[in-house]
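One-based numbering, in listed order, for ligands and for the atoms of each. In this text the structure is predicted, and so the values were computed from the model without any measurement. Residues: numbered from 1 along the sequence shown.
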Amino acid sequence: MIWHTSGEQQVLKQLQTTPQGLSAAEVERRRAESGTNELKAGKKKTVFGIFLSQFTDFMIWVLIAAAIVSAFASKELVDSLIIGVVVLLNAVLGTLQESKAEAALEALQKMAAPVCRVRRNGEVLKLPAAELVPGDIVLIEAGDAIPADLRLLESNSIKIEESALTGESVPVDKLVGTLETADCALGDRINMAYMGTGVSYGRGEGVVVETGMNTEMGKIATQLATTKKEITPLQKQLNNISNTLSIGVLCIAAVIFGINLLMGNELLNAFMTAVSLAVAAIPEGMVAVVTIVLAMGMSRMAKRGAIIRRLPAVETLGSTQIICSDKTGTLTQNKMTVVRTETADATLLAQVMLHCNDAVTNDSGQLLGDPTETALLDYLLKENTITLPDIRNRKRAGEIPFDSGRKLSTVAITHNDGLRILTKGAPDVLLARCTLNDNERIAAEKLNEAMAAEALRVLAFGYKDVPETDFATVEKQAESQLTYIGLVGMIDPARPEARDAIAVCHSAGIIPVMITGDHKTTAVAIANDLNILGDGRRAITGVDLDALPDDWDVENIGVYARVAPEHKSRIVAAFQKRGKIVAMTGDGVNDAPALKASDIGVGMGITGTDVSKGASDMVLTDDNFATIVSAVREGRRIFDNIHKTVRFLLSSNAGEVLVILAATLLGWMSADTHFLLPIHLLWINLVTDTFPALALGVEPEEDGIMERKPRDSRLPFFDGATWLRVVMVGAVGAALTLSAYLLGGKGPVGTTMAFMTLSLCQLFAAVGLQSERNSIFKMKLRDHKMLILAFIGSAALQVGVALLKPLRNMFHLTALPWKHWLGVLGLCVVMLLFIEFQKLLARRRED
Ligand code: ATP
């Protein structure tokens, strides 16, 4: 069947459905036949696949090869076995981490799944788009994403943006009717709507003709499935650091190998040492740990109502400097109540309020729809001007829907053999379209101004009667030459939590900006209530903005009133030109460009359209400004934790490299001196790289996290001073390990002490690095459960090797008398004190 060349009735017949929709039983039957309406994403990695990918590292294979050769050469199997076990354990841990990250990302994708409105058995339901089957009747309106391929049955000026499919970004007018040519291009099939495109205007209905992989989008989905995973700027930076360091470590390992050979050490032993060091010190796990920390951060944000759609947003949030927010619903409660009406003709006013209104009632008499419009009906019902049946029995002869650019909405009803046109909208726009004399106009404007100053959202009402009966013939002039009826004012109280969140913004160096379609006076009244203005920051209107040059004083404007969605893009551009990181909220179709252009596009989970959500980096489940601020807070915490984790990992690796380098130069690495064995290095890598690093990744936020300025995203991840601190901690760890060997008398006792010291020092360092600047004496133990757990667990693994006889023998260690244990402990405390000293210096420098 070719859908676009068939008539509506023919299509319905073919699909065995009616405009009332399918029955539940029929839906079940069809689902069994056609499957769910989903595009099959690229092949999911299996756990086993993830496990195998742990072995893609070249150095691991060199190590395994060396272990096998050494087993044959020395006829000593134990060492090689231990190497095998440690490599395997490492891979298992890596697999666990990675699958956890994958699972978290997948769960989030599910949360962002699109919904649609379907008519089944005559009843309109909201359902996940995945549940659609062919024959379902779908209702669409401006802002919706098209959930499946539809043949349109009704179109009220529908325009659809089909760039995802056709590349054409100008919305296409859609009509109902039968096309002539069967093989016309997708973009010319104007009676069809395709999955993955978005409605930019109008409303209508369509019948589902294809679902899932059978849709036009499904046919090109193989291309989509192979799109690469996005990698965040931070991950990119860390990849670079990791690559550079890997090369550095390999070079040092080669030098160590050379020196050991020159000193007459056995070839195989020298080689094993070099390779083990390389495997242990190359920070290959660093990027993986960072991904997990980001993914876990994402789930935490989701629990607090901020769903991240793109991973890079997690870290960008941390450096947000500007939050531009819509007023209605985000800064205010979006609970409108009519508190004032000003009119000379209450009956006419009530007629417009009732008919020029898209809100509806359900069976239990509840009002559903846009809060501005439900408020009008609610008022009429409470005043007993209308009853519920009046709402249900409304009939319209034509309409021009509201859009935030025009700021008007119009409905026509039949009246005395002609039409009555009923219009409501923003007073400044509507008054200009009314036939008022100068005195009347000035009076109305004054009244509007006075109501707006009381923080009221004001709507103006007008009407006119025309003799024509077909709305299409008068549509073009419908909103002009109107008779003015009056004004209605409603309150929409500020969200109390928004006030607190704005105070946090001020202390955190984040500039809050209010953007609204509402009147300037109303906007300023609410902005003052929320404390957004002040510090000489001003309010301007969209018209004022049009008159300003591109380099206007954007940082001194706190409120933009009466803006059209296009203005948002201009505001974003102005901030970005000054190098600022901007978050921007949006809910309408026309907000999509600004959402895409901003650094963090923030969509609205409740009131947002699919199109705006699709363009966002983050979606708020509660539409609440305070949620943006708590996401920023979380973003800062995550960045801090990644910083700590990487600092810890690199400090540990530096320690390992430096100690082996020094021992080599001292001539301690020969087979008979036994300073540290290859298996020791690998074991330390296993014990310290994983648990403490992950624990640092979930550390609680630092004190005063929202009292410092946003991080400058242009700065490198590590500055010179941080690199120096990393090397210093590594050097101290190395020195302490060498001392331990000396204290133990350079024999097996020395080796055991050195092994314990190198590893345990790293664990103590993790505890010290838990804060970038605060002393551990300020650390509240109960806030750091994971770190303590990691510390105890890792320490138990490490000490266990020395305490349990079979393990001790395997690792070529000897039992330590308690005095020597005390010595090890003392050396570890020195490490902790050193880090505390570094923090003390850092605090001094900041103050
Ligand atoms: P924000 O941009 O903060 O969400 P807003 O909700 O006031 O603010 P819009 O929804 O674009 O922005 O509304 C702009 C103006 O249009 C309002 O101030 C009001 O005067 C008018 N308006 C809003 N809703 C309607 C409607 N349903 N019908 C007619 N006019 C409306």
Side-chain angles (χ1 to χ4, degrees), residues 141-143 323-336 338 352-360 367 369-377 399-411 422-433 448-449 451-452 455-462 479 482 485 487-492 494-495 498 512-527 530 532 539 541-542 559-568 571 584-591 594-595 602-604 606-609 612 620 623-625:
E141 64 179 7
I323 305 179
C324 298
S325 171
D326 283 326
K327 171 177 72 67
T328 310
T330 313
L331 288 166
T332 66
Q333 301 176 8
N334 209 8
K335 285 195 189 118
M336 313 265 179
V338 172
V352 193
M353 284 165 83
L354 172 65
H355 287 278
C356 182
N357 197 317
D358 285 332
V360 292
L367 292 169
D370 175 39
T372 304
E373 308 210 317
T374 52
L376 297 176
L377 293 186
E399 64 179 310
I400 312 178
F402 173 75
D403 84 71
S404 46
R406 213 171 85 256
K407 298 189 172 54
L408 293 175
S409 73
T410 292
V411 161
L422 309 167
T423 301
K424 72 177 189 308
D428 27 347
V429 182
L430 193 119
L431 287 175
R433 300 178 179 237
N448 173 34
E449 204 52 49
M451 287 164 80
L456 296 182
R457 176 184 182 80
V458 189
L459 285 183
F461 294 76
E479 290 173 340
L482 298 166
I485 303 174
L487 299 178
V488 168
M490 45 191 101
I491 49 162
D492 177 17
R495 285 177 182 265
V513 177
M514 175 195 278
I515 299 184
T516 178
D518 222 333
H519 193 274
K520 182 169 151 187
T521 313
T522 314
V524 169
I526 294 174
L530 289 168
I532 289 180
T541 65
V559 173
Y560 295 87
R562 278 291 187 252
V563 290
E566 306 79 71
H567 289 124
K568 287 188 172 180
I571 297 168
M584 168 68 81
T585 70
D587 49 8
V589 223
N590 306 332
D591 289 333
L595 289 171
V602 184
M604 298 293 140
I606 304 171
T607 57
T609 54
S612 63
L620 307 179
D623 291 10
N624 190 342
F625 180 83

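By the 4.5 Å heavy-atom criterion applied to side chains, Glu399 and Thr410 are not counted as neighbours.
Protein residues having a heavy atom under 4.0 Å from any atom of ligand 1 are Asp326, Lys327, Thr328, Asp370, Glu373, Phe402, Ser404, Lys407, Ser409, Lys424, Gly425, Ala426, Arg457, Val458, Leu459, Ile515, Thr516, Gly517, Asp518, Arg562, listed by chain and number.
What you find for Leu530 and Ala494 is that their closest heavy atoms are CD2-CB, 3.7 Å. Of all non-hydrogen atoms in Ile515 and Cys324, the two that sit nearest each other are CD1-CB, 3.8 Å.
Scanning for side-chain hydrogen bond (donor to acceptor under 3.5 Å, both in side chains) contacts around Arg562 gives Asp428, with sequence neighbours left out. With sequence neighbours excluded, the residues satisfying salt bridge (Lys or Arg N to Asp or Glu O under 4.0 Å) with Asp358 are Arg203, Arg396.
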List the atom pairs, donor and acceptor, that lie under 3.5 Å between side-chain atoms in residues 520-527 and the rest of the protein, sequence neighbours left out.
| residue | atom | partner | partner atom | Å |
| --- | --- | --- | --- | --- |
| Thr521 | OG1 | Glu449 | OE2 | 2.4 |
| Thr521 | OG1 | His519 | ND1 | 3.3 |
| Thr522 | OG1 | Leu456 | O | 2.8 |

